[in-house]
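These notes are about the structure you will find just below.
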Amino acid sequence: MSEEANSRKEADLEQRITEAVPVVRSFLETVLGLLGVEVEVDIDVEDDGLHCDLNTSEEEGGLLIGRHGATLDALQYLTLRILQAEGLGRMRITLDVGGYRNRREKALRDLAQGVAKKVIDSGRPYHFEPMSAMERRVVHMAMSELNGLRTESEGEGRRRHVVVFRD
């Protein structure tokens with residue numbers, strides 16, 4: 001791609017991201033308001049999308065996160081679909097509550113370290129529990145940093161999970 005075309009593409013993404021901010025804020029405040037959740041939506045514009053912190057009470061935060069982030073993932077997916085319906089196209093949207101995403105990523109990386117040792121010691125594959133695409137990516141990336149192991153995703157839909165093999 002030419003430098004000029006690349007520059008136009010970046011400018012287009014920047015424009016779409018800027019236009020997305022009020023749409024995202026309105027959608028999240030409306031939906032969460034209908035659920036009776038008092039929330040303050042902080043939106044940070046990043047190079048390739050938006051990062052939204054949903055600031056609420058600890059109890060309501062737990063409700064918004066759900067089991068292993070399932071509710072937060074669903075809300076994030078709906079937010080992305082709203083942007084697409086508004087003609088703003090695809091961009092990265094990350095929703096977070098109380099730093100959950102960073103804590104979950106660290107927990108997955110720590111778990112991956114323990115699993116790596118088990119697989120290397122036993123030689124047997126290890127099947128993680130089903131997880132979201134974002135969580136599977138974290139596991140794949142953590143395992144790619146280790147020698148002697150490879151990973152694959154198996155299963156369909158909600159049953160999709162990572163399997164670790166010794167090379």
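Just so it is clear, the structure is predicted and the values come from calculations on it, not from any experiment. Position 1 is the first residue of the sequence; numbering continues from there.
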Exercise for review: Mind jotting down which residue pairs meet the side-chain hydrogen bond (donor to acceptor under 3.5 Å, both in side chains) criterion with at least one end in residues 108-120? Sequence neighbours excluded, please.
Suggested key: Lys106-Asp110, Lys117-Asp121
Study note, to complete from the structure: Quick note, ring-ring contact (aromatic ring centres under 6.0 Å, His included) partners involving residues 82-114, not counting sequence neighbours, are none
Check your understanding: Which pair of heavy atoms, one from Asp73 and one from Ser132, lies closest together, and at what distance?
Key -> OD2-CB, 3.3 Å
Check your understanding: Can you check whether Val21 reaches Val45 side chain to side chain, under 4.5 Å on heavy atoms?
Key -> yes
Study note, to complete from the structure: Looking only at heavy atoms, the pair that brings Asp96 and Gly99 closest together is OD2-CA, 3.5 Å
Practice item. Please list, chain by chain and in numerical order, all residues satisfying salt bridge (charged side-chain N to carboxylate O under 4.0 Å, His left out) with Asp53, sequence neighbours excluded. Key: none
Point to revise | From CA spacing to verdict: side chain to side chain contact (heavy atoms under 4.5 Å, CB included), Leu72, Leu54 | key: CA-CA 10 Å; Leu72 195 56; Leu54 307 177; 4.3 Å; yes
Study note, to complete from the structure: Gly61 and Val97 have their tightest heavy-atom pair at CA-CG1, 3.6 Å
**Study point:** Those residues that, when tested against Asp12, pass salt bridge (charged side-chain N to carboxylate O under 4.0 Å, His left out) (two or more places apart)
**Key:** Arg16
Exercise for review: Write out all pairs satisfying side-chain hydrogen bond (donor to acceptor under 3.5 Å, both in side chains) with one or both partners inside residues 60-69, taking only residues at least two apart or from two chains.
Suggested key: Thr56-Glu60, His68-Arg104, His68-Glu129
Revision key, fill the gap. Distance col, row Leu75:CG vs Leu32:CG, nearest 0.5 angstrom, shows 5.5 Å
Exercise for review: Dump the intermediate steps for side chain to side chain contact (heavy atoms under 4.5 Å, CB included) on Val24 and Leu83, then the final yes or no.
Suggested key: CA-CA 8 Å; Val24 169; Leu83 291 177; 3.8 Å; yes
Check your understanding: Which distance, rounded to the nearest 0.5 Å, do you find between the OH of Tyr126 and the CG of Leu149?
Key -> 13.5 Å
Practice item. Check the hydrophobic clustering (I, L, V, M, F, W, Y; side-chain heavy atoms under 4.5 Å; chains of links allowed) and say if Met134 and Leu95 are grouped together. Key: no
Exercise for review: Supply the atom-to-atom distance Glu58 CD to Leu63 CG, rounded to the nearest 0.5 angstrom.
Suggested key: 13.0 Å
Check your understanding: With Leu111, which residues qualify under side-chain contact (heavy atoms from CB on, under 4.5 Å), at least two apart?
Key -> Val115, Phe128
Identify each donor-acceptor pair in which a side-chain atom of residues 85-94 lies under 3.5 Å from a protein atom, sequence neighbours left out, and give them as a table.
residue, atom, partner, partner atom, Å
Arg92, NE, Asp48, OD1, 3.2
Arg92, NE, Asp48, OD2, 3.1
Arg92, NH1, Thr94, OG1, 2.9
Arg92, NH2, Glu46, OE1, 2.5
Arg92, NH2, Asp48, OD1, 2.9

Exercise for review: Could you pull out all residues at least two apart from Thr71 that satisfy side-chain contact (heavy atoms from CB on, under 4.5 Å)?
Suggested key: none
Check your understanding: Should Val31 and Val37 be marked as a side chain to side chain contact (heavy atoms under 4.5 Å, CB included) after you check the CA-CA gap, both sets of side-chain angles, and the distance that decides it?
Key -> CA-CA 9 Å; Val31 167; Val37 176; over 6 Å; no
**Study point:** Pairing residues for Glu156 by the side-chain contact (heavy atoms from CB on, under 4.5 Å) criterion, not counting sequence neighbours
**Key:** none
List the atom pairs, with distances to 0.1 Å, where a side-chain N or O of residues 136-145 and a protein N or O form a donor-acceptor pair under 3.5 Å, not counting sequence neighbours.
residue, atom, partner, partner atom, Å
Arg136, NH1, Met131, O, 2.7
His140, ND1, Thr151, OG1, 2.5
His140, NE2, Ser153, OG, 2.8
Ser144, OG, Met141, O, 2.8

Check your understanding: What distance separates Arg25 CZ from Thr30 OG1, expressed to the nearest 0.5 Å?
Key -> 12.0 Å
Check your understanding: SG/Cys52 to CG/Asp42 distance, rounded to the nearest 0.5 angstrom?
Key -> 9.5 Å
Exercise for review: Please name all residues satisfying ring pair (Phe, Tyr, Trp, His ring centres under 6.0 Å) with Phe27, sequence neighbours left out, ordered by chain then number.
Suggested key: none
Practice item. Evaluate the criterion side-chain hydrogen bond (donor to acceptor under 3.5 Å, both in side chains) for residue pair Arg101 and Gln76; output intermediate values, then yes/no. Key: CA-CA 12 Å; Arg101 298 279 187 206; Gln76 184 171 295; 2.9 Å; yes
Which atom pairs, one a donor and one an acceptor, fall under 3.5 Å between side chains of residues 159-167 and the rest of the protein, sequence neighbours left out?
residue, atom, partner, partner atom, Å
Arg160, NH1, Gly155, O, 2.7
His161, ND1, Glu154, O, 3.3
His161, ND1, Arg159, O, 3.0
His161, NE2, His127, ND1, 3.1
Arg166, NH1, Ile120, O, 2.6

Review point. Are Ile65 and Leu108 connected, step by step, through hydrophobic side chains (Ile, Leu, Val, Met, Phe, Trp, Tyr) whose heavy atoms are closer than 4.5 Å?
Key: no
